[in-house]
J.: 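After the structure tokens below, expect a handful of questions from me.
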2 protein chains.
Amino acid sequence: MAKERVTVIDIARAAGVSKSTVSLVLQGSSLVNEATRAKVNAVIRELGYVYNRSAANLRQAKSKIIGIVVNDLTNSFFAELAVGVDAVVQSAGFVQFLANTGEKSERQREVIASMREHGVSGLIISPARGTEAADLAPLVESGIPVVLVVRDIARAGVSSLISDNRAGALAAVRHLIARGHRRIAFLGGFADTAVFEARMRGYRDALREAGLNAGDDLVIGSAPSRAGGVTAIEQAMMLEDRPTAALCFNDAVAFGVCDGLRARRLEPGADFAVIGFDDVIEAKTAVPALTTVSVDPQGMGERAAELLLKQIKAGRAEPEAIVGPVRLVIRQSCGSAVERRAKEVS
Amino acid sequence: MAKERVTVIDIARAAGVSKSTVSLVLQGSSLVNEATRAKVNAVIRELGYVYNRSAANLRQAKSKIIGIVVNDLTNSFFAELAVGVDAVVQSAGFVQFLANTGEKSERQREVIASMREHGVSGLIISPARGTEAADLAPLVESGIPVVLVVRDIARAGVSSLISDNRAGALAAVRHLIARGHRRIAFLGGFADTAVFEARMRGYRDALREAGLNAGDDLVIGSAPSRAGGVTAIEQAMMLEDRPTAALCFNDAVAFGVCDGLRARRLEPGADFAVIGFDDVIEAKTAVPALTTVSVDPQGMGERAAELLLKQIKAGRAEPEAIVGPVRLVIRQSCGSAVERRAKEVS
DNA sequence: CTTAATAATTGGAACGTTCCAATATCGTCA
DNA sequence: TGACGATATTGGAACGTTCCAATTATTAAG
């Protein structure tokens, strides 16, 4: 069954032209006569020719592959990010090489090495936790365009596209304060990441400007997952002076917090205000619909891809550090019932 | 900055050996002397050599890439599937080429073509809706090993790995019946898929063996997503004779159903029994924890990858059609409160 | 010592494409 | 008619690797 490869030479012979002409047709050159082009295309279809990109890559040193490496594909935020990247990369005639590191930097190293071997012409990376500038140095020196998304790395010397985490957290907490909350927790996330640090900064700044103290007891880290959210809220409810609202590290945590609340017969939105971060697809349809800081993962993927494509086209570009806007979308999980209750209490 | 490529010849020159020897070292051949190997490896590191897979692929017609194409990466079921595939494929020294079709068969065609051009040595496909045997024919004829997952395609002539959808649905509905439910709905999913058809068959068979009628009014299709679940349950609650329980097409729909129930002040698990399908990660931690038919997406990905790898190694293998076991995992969403209430009613 | 066997190493051809410079074909204008 | 430009086409070299057959160095056996 596995017949031997049909090559450009076979096509040439069958169509009665030279291999150069066939090559020209393949790249859609305008140099070739309409009639010849039609003839060649017909033969290509007839013989079931499959273009060999390895050969082409070898000759011209550019590959039409872009790589994207994410730290946790299981988190829908990153899945959506990948979908966004795919969309624009695809329509630019590139193909996407996606790898998941599962937060393991060893795995990340392998994956990046493999992508380089395959000659990707650019890389979009959402780095695993603990990745340092030194880890990326060889890659960066090789001159391959790289765009960091979601998590920036200091002095890595590459472009980055992150969202304005501080501003988002600030807006969210201000909103809670305006609704009368005084005991506001920050739940979930690992403290050793830059994203955590930035969101935390916004949280603290909002509290400070309202003259509230940001006691560390109200900051409770956990895995940035649904399960992590459950444990974080449980811990929060053990405090003698309980919070009445929480800003969560991300939407997954927020969903977990809602779950944990319900497990204690508390209704999120009514008995306790919760705000998430990211605005993943489910945030809108969940019940109660999640109030969250919208980061638009898909849009972020698209913009990262556009940025990368621009750099690829430009050859060598100055690294840009873009921080994307973010907006608080108010839905039900910090609902008006809370507002009333919280005001009575305070 | 973008210095020119270091090739195997540069290494050879610097190490004082021939390019053939360097090549041997690269592939870990036992033919080469220990001292030489060490020397060459040192030079490789020193010059920052990057292996060129395009060139290698060109020479030997096998590529160490396996492709995986999924129909909806946004659905965590498929994201987990991909993670499972990645794990085993990786440890076998292959790398994964992942593409998302978003259920568009046009896109699927492009993506598969692109993968063939890159010389993938095998393909795992979760086909887009409406894919037919004819769509895969050219691929299959080329002799590239293909494993279909999740959705099978009749007479495609390739291996497939699907789960026992009928048995899962059967067990789930039997369980509901044993708990006293008589009006059981089937919610969500598109009716034109084989998966829907199989789950539906299990649903009907269970009802029939209990002597219950499976009126079509209780079967309500929708998009297989969280949002789809919300609309499906809304529609179900409009019926004059309302159901007291539902088997959902998948977990996403089940979550949506829970959301929809809460929106009507009904507590899933207590006031209405809901069972999902797939057992995605969140099913366990959700509140109430979702009773669901476990398909183990990650495990499924692993097994699909193993099957594919086996076929790649064997050259040409007989297509196998594996249907994986499935088990009902009982958690809270069809809780005991329902049992009591339902019994009183009946 | 010679010879045979073994262990290491090697040059060159091949893989399927693209690119370059060169050539062929044609109509047009002086 | 000849020269010219424009339009199409072409052969061959090159890309970086692997593989084969051939060679050289080393050891063991006689």
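For the numbers below, each heavy atom of this structure counts, side chains included, while hydrogens, waters and symmetry mates do not. As the structure is a computational prediction, the values presented were derived from the model and not from experiment.
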J.: D:dC15 C1' sits how many Å from B:Arg53 CZ, rounded?
T.: 18 Å

J.: Using whole Å, what does the distance between atom P of nucleotide D:dT17 and atom NZ of B:Lys62 come to?
T.: 17 Å

J.: Rounded to whole angstroms, how far apart are CG on A:Asn52 and P on D:dT17?
T.: 16 Å

J.: Using whole Å, what does the distance between atom C1' of nucleotide C:dG16 and atom CG of A:Asn57 come to?
T.: 12 Å

J.: Are side-chain N/O atoms of A:Gln27 and A:Ser23 paired as donor and acceptor at under 3.5 Å?
T.: yes

J.: Is a side-chain N or O of B:Asp10 found less than 3.5 angstrom from the main chain of B:Thr7, in a donor-acceptor match?
T.: yes

J.: What's the closest nucleotide to the B:Leu58 side chain, out of C:dT18, C:dG16, D:dT10?
T.: C:dG16

J.: Give a yes or no on whether a donor-acceptor pair under 3.5 Å exists between the nucleobase atoms of D:dT18, that is its base, and the side chain of B:Arg59.
T.: yes

J.: Under 4.0 Å: is that the gap between some side-chain N or O of A:Ser18 and OP1 or OP2 of D:dT10?
T.: yes

J.: NZ of A:Lys19 to CD1 of A:Ile9: how many Å apart, nearest 0.5 Å?
T.: 6.5 Å

J.: Can you tell me if B:Gln60 touches the phosphate of D:dC19, counting only side-chain N or O atoms and a distance under 4.0 Å to OP1 or OP2?
T.: yes

J.: As an exercise, state the distance from CZ of A:Arg107 to CD1 of A:Ile112, rounded to the nearest 0.5 Å.
T.: 11.5 Å

J.: Which whole-number value in Å describes the distance from A:Tyr51 OH to C:dG16 P?
T.: 14 Å

J.: Nearest heavy-atom pair of B:Val85 and B:Gln96: which atoms, and what distance?
T.: CG1-NE2, 3.6 Å

J.: Does a nitrogen or oxygen in the side chain of A:Thr21 sit under 4.0 Å from OP1 or OP2 of D:dT10?
T.: yes

J.: Calculate the interatomic distance between B:Lys19 atom NZ and C:dT10 atom P; express it in whole Å.
T.: 10 Å

J.: Any side-chain N or O of A:Ser23 under 4.0 Å from OP1/OP2 of C:dT18?
T.: yes

J.: Counting heavy atoms from C-beta on, name the nucleotide in C:dT10, C:dT9, C:dA13 closest to the side chain of B:Val17.
T.: C:dT10

J.: Expressed in angstrom and rounded to an integer, what is the separation of B:Leu26 atom CG from D:dC19 atom P?
T.: 12 Å

J.: From CG of A:Leu31 over to C1' of C:dT18, roughly how many Å is that when rounded to an integer?
T.: 14 Å

J.: Starting at the 5' end of DNA chain C and moving along, which residue's nearest nucleotide shows up first, B:Ala55 or B:Asn33?
T.: B:Asn33

J.: Under 3.5 Å, is there a donor-acceptor pair linking the side chains of B:Asn71 and B:Thr101?
T.: no

J.: If the test is side-chain hydrogen bond (donor to acceptor under 3.5 Å, both in side chains), which one of B:Arg109, B:Arg151, B:Gln108 qualifies with B:Thr131?
T.: B:Gln108

J.: What's the closest nucleotide to the A:Ala56 side chain, out of C:dG16, D:dT18, C:dT17?
T.: C:dT17

J.: Testing the basics here: between A:Ala99 and A:Val111, what is the closest heavy-atom pair and its distance to 0.1 Å?
T.: CB-CG1, 3.5 Å

J.: Check each residue of residues 35-44 of chain B for a non-hydrogen atom within less than 4.0 Å of any atom in DNA chain C, then write out the ones that pass by number, or none.
T.: B:Thr36

J.: Of the nucleotides D:dT18, D:dG16, D:dT10, which one has an atom closest to the side chain of A:Leu24?
T.: D:dT10

J.: On DNA chain C, compare the nucleotides closest to B:Ser20 and A:Val8; which residue's is nearer the 5' end?
T.: B:Ser20

